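By convention in this document, chain letters (A, B, ...) are assigned in the order of the sequence lines, proteins followed by strands, and residues within each chain are numbered from 1. Being a predicted model, the structure only gives us computed values, none of them experimental.
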Amino acid sequence: EPEVTQTPSHQVTQMGQEVILRCVPISNHLYFYWYRQILGQKVEFLVSFYNNEISEKSEIFDDQFSVERPDGSNFTLKIRSTKLEDSAMYFCARKSWDETQYFGPGTRLLVL
Amino acid sequence: AQKVTQAQTEISVVEKEDVTLDCVYETRDTTYYLFWYKQPPSGELVFLIRRNSFDEQNEISGRYSWNFQKSTSSFNFTITASQVVDSAVYFCALSRASGAGSYQLTFGKGTKLSVIP
């Protein structure tokens with residue numbers, strides 16, 4: 001099954017700047033997830049989004065993070081004031097009918 | 001709370017050898033799903049397999065096979081006749097299968113497999 005696409009593939013930003021990462025579903029799915037993978041570490045759940053609302057969020061997903069689906073198709077993760085420790089690969093995933101999550105190619109974020 | 005342990009951080013094998021990647025999990029849920037994902041050097045996460053907790057049959061797909069043992073809370077992954085293209089980081093993951101919540105994945109730390117030609 002097709003996954004989702006993500007833009008940009010790479011993003012470099014200065015500490016304190018806002019970044020928006022985008023996830024574009026190939027077909028009309030309701031359940032989406034954002035995960036983060038700090039370099040060399042495991043993949044960690046950030047937030048799930050169902051039917052245009054946050055379903056669940058982890059402790060990592062604090063006030064500097066937000067998600068929305070502004071135009072009914074693209075699904076965005078916003079980091080308001082980036083910190084050095086936000087440098088990571090960010091993955092969007094969509095859930096299939098059989099509960100399998102298929103991941104996008106990821107956005108590699110580097111905060112300087 | 002859920003937890004996935006992949007005790008092997010890195011494994012190196014010579015091409016054509018068989019290799020088994022271990023995965024041990026902890027969960028209080030009576031029903032759950034187990035997954036394996038492959039992360040090649042390019043960085044994407046590629047789905048390999050999903051297994052329901054009530055289905056303990058082993059599965060084989062080409063050179064890949066999976067051994068699920070509920071009694072030992074293990075879901076091990078074997079690659080037979082390894083190839084250089086198998087070099088990647090492999091993640092085991094767990095999610096709930098019933099009840100409230102979004103069934104997010106809990107990942108292990110991954111095992112980096114290097115297949116040497």
Side-chain angles (χ1 to χ4, degrees), chain A residues 1-6 8-11 23 29-61 67 75 87-110, chain B residues 1-10 21 23-25 27 29 31-55 59 61 66 88-112 114:
Chain A
E1 289 191 50
E3 304 93 357
V4 295
T5 61
Q6 291 184 243
S9 58
H10 294 79
Q11 173 111 31
C23 175
H29 294 281
L30 293 177
Y31 236 130
F32 292 92
Y33 301 79
W34 282 102
Y35 291 85
R36 179 181 78 177
Q37 184 184 29
I38 295 173
L39 184 63
Q41 298 187 22
K42 68 176 178 179
V43 181
E44 301 173 292
F45 167 72
L46 289 176
V47 64
S48 58
F49 197 77
Y50 174 70
N51 204 21
N52 298 326
E53 289 185 358
I54 289 178
S55 174
E56 205 160 346
K57 56 185 180 180
S58 72
E59 293 176 353
I60 302 170
F61 194 85
V67 290
F75 175 46
S87 295
M89 182 77 99
Y90 289 82
F91 291 103
C92 171
R94 60 101 178 155
K95 189 167 70 171
S96 176
W97 61 270
D98 64 357
E99 304 299 331
T100 299
Q101 292 185 30
Y102 294 93
F103 287 80
T107 294
R108 191 175 296 277
L109 176 66
L110 178 60
Chain B
Q2 298 186 330
K3 185 179 179 181
V4 176
T5 301
Q6 294 180 255
Q8 304 150 310
T9 305
E10 293 192 41
L21 310 182
C23 173
V24 174
Y25 62 92
T27 181
D29 296 311
T31 57
Y32 47 90
Y33 294 109
L34 292 161
F35 303 82
W36 277 95
Y37 286 86
K38 175 182 179 179
Q39 187 174 45
S42 51
E44 70 269 28
L45 285 166
V46 179
F47 165 73
L48 295 178
I49 189 171
R50 176 186 62 92
R51 176 47 51 99
N52 298 330
S53 56
F54 51 83
D55 180 4
E59 184 158 340
S61 176
W66 290 269
V89 180
Y90 291 87
F91 290 96
C92 181
L94 168 69
S95 78
R96 303 173 61 193
S98 62
S102 65
Y103 303 178
Q104 66 266 26
L105 296 172
T106 298
F107 283 83
K109 292 184 177 181
T111 297
K112 182 178 181 181
S114 298

*Asks:* Side chain, backbone, both or neither: which part of A/Glu44 has a heavy atom under 4.5 Å from chain B?
*Replies:*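 Neither part.
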*Asks:* Using non-hydrogen atoms and a 4.5 Å limit, figure out which bit of A/Gln41 sits close to chain B: side chain, backbone, both or neither.
*Replies:*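 A/Gln41 touches chain B through backbone heavy atoms alone.
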*Asks:* Contact part of A/Tyr50 toward chain B, heavy-atom cut-off under 4.5 Å: side chain, backbone, both or neither?
*Replies:*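 For A/Tyr50, neither part sits under 4.5 Å from chain B.
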*Asks:* Tell me, please, which residues at least two apart from B/Asn52 pass side-chain hydrogen bond (donor to acceptor under 3.5 Å, both in side chains).
*Replies:*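 Residues passing side-chain hydrogen bond (donor to acceptor under 3.5 Å, both in side chains) with B/Asn52: B/Arg50.
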*Asks:* Apply side-chain contact (heavy atoms from CB on, under 4.5 Å) to B/Thr31 and list each qualifying residue two or more places apart in sequence or on a separate chain.
*Replies:*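 With sequence neighbours excluded, B/Thr31 shows a side-chain contact (heavy atoms from CB on, under 4.5 Å) to B/Ser53, B/Ala97, B/Ser98, given in chain and number order.
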*Asks:* Would you say the rings of B/Tyr37 and A/Phe103 are close, in the sense that their centroids are separated by under 6.0 Å?
*Replies:*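 Ring centroids of A/Phe103 and B/Tyr37 are less than 6.0 Å from each other.
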*Asks:* Where does A/Tyr35 contact chain B at under 4.5 Å (heavy atoms): side chain, backbone, both or neither?
*Replies:*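 The side chain, not the backbone.
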*Asks:* Any idea which of A/Glu99, A/Arg108, A/Met89 has the most non-hydrogen atom pairs under 4.5 angstrom with chain B?
*Replies:*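 The answer is A/Glu99.
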*Asks:* Which one of B/Tyr90, B/Phe47, B/Phe91 satisfies the side chain to side chain contact (heavy atoms under 4.5 Å, CB included) criterion with B/Lys38?
*Replies:*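 Testing each of B/Tyr90, B/Phe47, B/Phe91 against B/Lys38, the sole residue satisfying side chain to side chain contact (heavy atoms under 4.5 Å, CB included) is B/Tyr90.
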*Asks:* With side-chain contact (heavy atoms from CB on, under 4.5 Å) as the test, would you mind laying out the steps for B/Tyr25 and B/Cys92 before giving the verdict?
*Replies:* CA-CA 9 Å; B/Tyr25 62 92; B/Cys92 181; over 6 Å; no
*Asks:* Please state whether the side chain, the backbone, both or neither of B/Gln39 comes within less than 4.5 Å of a heavy atom of chain A.
*Replies:*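 For B/Gln39, the side chain is the part near chain A, not the backbone.
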